[in-house]
Amino acid sequence: MPRDILIVGAGIAGLASAIALSNELSIVPGLNISVYDGASELTTTGGAISLTPIAQRYLDELGILSELNQMGEKAGIEVDAIDLFSVRTGRRLGPLRFTDENGNGYGGYKGRRVLRSSLSEAMLAVARKMPNVSVYYDKKLVGGNTTAENVTLGFEDGSSVTGDLVLGCDGVHSATRTKIVDPGNRSEYTGISFIQSMADTGSFTTSMPFTQTAVHLARHSSLLTSYYDPKHEKLFVAAIVRVSEHLIEKYQAMSGTDVSAQKNMKMSMRYLVRAQFGMSNLPYIREIIDKTEDWMLYPVYQVRQRGKWHTDRILLLGDAAHAMPPRDESAAYAVEDAIIFSKLLGQNPDCGLTALFEEYEEIRRGLVNKAFDASRRLWQSDLDKGLFPSQTRDLMSPVHLPPGDCVKRRSLEPIKKTNLPAPTHESFSDLSVYSLTSDLGRTVDATNGD
């Protein structure tokens with residue numbers, strides 16, 4: 001049983017892993033879990049993210065949801081449904097619901113829209129309450145090496161740390177993956193980006209026809225609008241569009257330049273949003289675009305499918321292992337990764353790490369490959385291919401494995417497989433709504449003469 005556990009990355013996957021491990025290994029004497037992040041402090045960027053019911057269930061299991069609920073207006077809002085509209089016609093296309101016919105959440109949980117920074121703050125607060133968890137910032141990973149007895153990580157500031165086990169939870173651009181576990185397996189741009197901002201609703205004069213969250217579908221893009229505070233005073237706006245890699249590189253090169261250059265780039269982002277949605281038949285969409293400033297660009301990346309997830313004493317979790325084409329919600333995958341591996345480790349204290357890594361991968365790899373393949377088929381299909389609205393029901397079916405599949409494993413003793421969560425993702429995330437309904441939006445527009 002490893003007692004010195006090192007986690008690279010203090011995002012959702014890293015903090016969830018620290019909390020889950022602390023819970024599962026609470027009786028292990030001398031347990032020390034250290035989390036290292038390359039940022040100088042807890043990040044406040046990223047906008048307002050969608051948490052699906054399954055993500056909320058996992059966060060509740062880890063004690064994070066109760067911490068978040070104590071944060072007042074920063075706790076975000078529960079979402080019963082995502083309302084769908086056609087950008088050009090203004091036609092309401094119907095809702096995607098997070099509730100049953102009686103208004104009850106699935107398994108007791110609905111969706112939630114919350115600032116990523118607020119979720120991170122809640123997770124960090126829970127982690128810091130754990131007596132055996134420490135979180136360190138300004139620790140940018142530059143490399144590492146493994147021996148039969150331990151693993152050592154080196155950081156940009158010249159320091160190093162040695163432990164028994166490393167979990168690489170440092171996201172889609174993971175240094176743990178590219179420098180140690182799977183060199184050369186770099187993230188790839190998907191061609192899709194978020195251009196997003198936030199606005200004060202007090203400046204708007206037109207009424208909003210949605211209660212909580214709405215997605216407005218155009219031929220090759222979508223515009224998300226969502227409140228993220230109980231008083232509906234704050235609105236998160238995100239255009240999900242195709243952006244050339246050349247523009248991505250230009251935008252990233254502007255980081256750290258003079259204020260005037262950055263202002264011009266933000267104006268360019270605003271122009272792109274206006275070009276896509278400014279001619280909408282919905283007056284509130286036009287007003288939102290006209291009165292919202294400080295647009296930021298967030299490219300969506302993926303990790304090459306079927307790459308390595310582990311080596312010796314190092315295991316990749318979350319987006320570091322399997323960031324996939326735009327479809328499902330990475331938060332649910334990341335937290336589920338953390339819980340499953342923590343339970344495997346806690347239930348098999350005498351099992352070697354290599355065997356545990358292999359068992360974990362066998363449990364997770366099938367789900368990830370299935371979701372990856374489904375997403376890739378959607379994104380590589382002809383953009384102009386029309387679908388009848390009735391066909392979208394099948395497309396919107398969540399990618400998942402039946403609960404029994406996660407225990408149909410080879411006979412490997414002493415691995416125990418009891419009490420592991422079934423790997424399912426009943427997800428309607430921002431990107432999944434875009435990818436799974438974009439064909440519907442094109443069909444509806446075409447039917448209406450657009």
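Since we're looking at a predicted model, the values are computed, not measured. Reckoned from all heavy atoms, side chains included, excluding hydrogens, waters and symmetry mates.
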J.: Quick one: are Leu224 and Phe236 in side-chain contact, heavy atoms under 4.5 Å?
T.: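 Side chain of Leu224 against side chain of Phe236, heavy atoms only: contact under 4.5 Å found.
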J.: Hey, are the side chains of Asp4 and Thr162 touching, using non-hydrogen atoms and a 4.5 Å cut-off?
T.: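 SC-SC contact between Asp4 and Thr162 ruled out.
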J.: We want to know whether Lys234 and Thr201 form a side-chain donor-acceptor pair, criterion being a heavy-atom distance below 3.5 angstrom.
T.: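 Looking only at side-chain atoms, Thr201 and Lys234 do not form any donor-acceptor pair under 3.5 Å.
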J.: Indicate yes or no for a side-chain donor-acceptor contact from Ser159 to the backbone of Phe155 under 3.5 Å, with no hydrogens or angles considered.
T.: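 It does not hold such a pair.
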J.: Check this for me: does any side-chain nitrogen of one of Arg113 and Glu78 sit under 4.0 Å from a carboxylate oxygen of the other?
T.: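 Salt bridge between Arg113 and Glu78, a charged N being under 4.0 Å from a carboxylate O: no.
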J.: Verify salt bridge (Lys or Arg N to Asp or Glu O under 4.0 Å) between Asp294 and Arg270, making sure each step is shown before the conclusion.
T.: CA-CA 8 Å; Asp294 293 329; Arg270 186 178 183 181; over 6 Å; no
J.: Do Met123 and Ile12 come within less than 4.5 Å of each other through their side chains, counting heavy atoms only?
T.: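 Of all side-chain heavy-atom pairs linking Ile12 with Met123, at least one is under 4.5 Å.
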J.: Considering only heavy atoms from C-beta outward, does the side chain of Leu167 approach that of Leu316 to under 4.5 Å?
T.: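 No, every pair of side-chain atoms sits at 4.5 Å or beyond.
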J.: Any chance the side chains of Asn132 and Ser22 put a donor and an acceptor closer than 3.5 Å?
T.: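 Checked: Asn132/Ser22 side chains pair up, N/O donor to acceptor below 3.5 Å.
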J.: Heavy atoms, side chains only, cut-off 4.5 Å: are Ile19 and Val133 in contact?
T.: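 SC-SC contact between Ile19 and Val133 ruled out.
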J.: Under 3.5 Å, is there a donor on one side chain and an acceptor on the other for Asp170 and Thr176?
T.: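 Distance-only check passes for Asp170 and Thr176.
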J.: Which is it for Arg3 and Val28 under the side chain to side chain contact (heavy atoms under 4.5 Å, CB included) test, yes or no, and what are the steps along the way?
T.: CA-CA 8 Å; Arg3 285 173 169 76; Val28 175; 4.0 Å; yes
J.: Charged N to carboxylate O below 4.0 Å: is that the case for Arg177 and Asp182?
T.: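 Salt bridge absent between Arg177 and Asp182.
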J.: Is the shortest heavy-atom distance from the side chain of Leu345 to the side chain of Met1 under 4.5 Å?
T.: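 In contact.
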J.: Regarding Asn369 and Arg364, is there a side-chain donor-to-acceptor distance under 3.5 Å anywhere?
T.: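 The criterion, which ignores hydrogens and geometry beyond distance, is not satisfied for Arg364 and Asn369.
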J.: If the threshold is 4.0 Å, N to carboxylate O, is there a salt bridge linking Asp229 and Lys74?
T.: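 No, this pair does not count.
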J.: With a 4.5 Å cut-off on side-chain heavy atoms, are Val87 and Ile285 touching?
T.: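 A side-chain contact under 4.5 Å is absent here.
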J.: What heavy-atom pair brings Ile248 and Val243 nearest, and what distance separates the two atoms?
T.: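 In this case the closest contact between Ile248 and Val243 is CD1-CG1, 3.8 Å.
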J.: Identify the heavy atoms of Leu317 and Leu315 that sit nearest to each other, and give their distance.
T.: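 Nearest heavy atoms, Leu317 then Leu315: CD2-CD2, 3.8 Å.
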J.: I'd like to know if the side chain of Gln56 and the backbone of Lys110 have a donor-acceptor N/O pair within less than 3.5 Å.
T.: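 Side chain of Gln56 to backbone of Lys110: a pair is present.
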J.: More than 12 heavy atoms of other residues, nucleotides or ligands under 6.0 Å from NZ of Lys250: is that the case?
T.: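 Not buried by this count: 12 neighbours or fewer within 6.0 Å.
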J.: Please list all pairs meeting salt bridge (charged side-chain N to carboxylate O under 4.0 Å, His left out) that have one or both residues in residues 22-51, counting only residues at least two apart or in different chains.
T.: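 Residue pairs with at least one partner in residues 22-51: Glu24-Lys343.
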J.: Indicate the atoms forming the closest heavy-atom contact of Ala18 with Val35, along with that distance.
T.: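 It is CB-CG2, 3.8 Å.
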J.: Does any donor atom in the side chain of Ser34 or Ser134 lie under 3.5 Å from an acceptor atom in the other side chain?
T.: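 Per modelled atom types, Ser34 and Ser134 side chains form no pair under 3.5 Å.
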J.: Quick one about Thr147 and Asn150 (side-chain donor to acceptor, distance below 3.5 Å, no hydrogens or angles considered), yes or no?
T.: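 Yes - a donor-acceptor pair under 3.5 Å links their side chains.
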J.: Between Ser197 and Val237, is there a donor-acceptor pair closer than 3.5 Å when you use the side chain of the first and the backbone of the second?
T.: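 Side chain of Ser197 to backbone of Val237, a donor-acceptor pair under 3.5 Å: no, none is there.
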J.: Is Ser66 reaching over with its side chain to a backbone N or O of Gly63, donor-acceptor style, under 3.5 angstrom?
T.: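 Yes; judged by distance alone, with no hydrogens or angles, the pair exists.
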J.: Do the rings of Tyr227 and Phe210 sit parallel, tilted or perpendicular, given the 30° and 60° boundaries?
T.: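 Rings of Tyr227 and Phe210: tilted, as their planes differ by 30° to 60°.
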J.: For a 4.5 angstrom cut-off between non-hydrogen side-chain atoms, does Ile54 reach Tyr58?
T.: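 A side-chain contact under 4.5 Å exists here.
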J.: Provide the closest heavy-atom pair for Ala10 versus Leu15 in the form atom of the first, atom of the second, distance.
T.: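 It is O-CD1, 3.5 Å.
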J.: By the side-chain hydrogen bond (donor to acceptor under 3.5 Å, both in side chains) test, which pairs, at least two apart or in different chains, include something from residues 309-319?
T.: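 The answer is His310-Glu361.
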J.: With a 4.0 Å cut-off on N to O distance, would you call Lys266 and Glu293 a salt bridge?
T.: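 Result for this pair is no, no salt bridge flagged.
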J.: Under the rule for salt bridge (charged side-chain N to carboxylate O under 4.0 Å, His left out), what residues qualify as partners of Asp164, not counting sequence neighbours?
T.: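 Once residues adjacent in sequence are excluded, Asp164 has no partner under the salt bridge (charged side-chain N to carboxylate O under 4.0 Å, His left out) criterion.
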J.: Suppose we call two aromatic rings close when their centres sit under 6.0 Å apart. Are Phe277 and His216 close by that rule?
T.: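 Here the rings of His216 and Phe277 have centres that are no less than 6.0 Å from each other.
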J.: So, Ser120 side chain and Arg116 main chain: donor-acceptor pair closer than 3.5 Å or not?
T.: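 Side chain of Ser120 to backbone of Arg116: a pair is present.
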J.: Look at Lys139 together with Glu156 and state whether they make a salt bridge at an N to O cut-off of under 4.0 Å.
T.: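 Looking at Lys139 and Glu156, the cut-off is not met.
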J.: Check step by step if salt bridge (Lys or Arg N to Asp or Glu O under 4.0 Å) holds for Arg304 and Glu188.
T.: CA-CA 7 Å; Arg304 188 182 70 235; Glu188 302 169 344; 5.7 Å; no
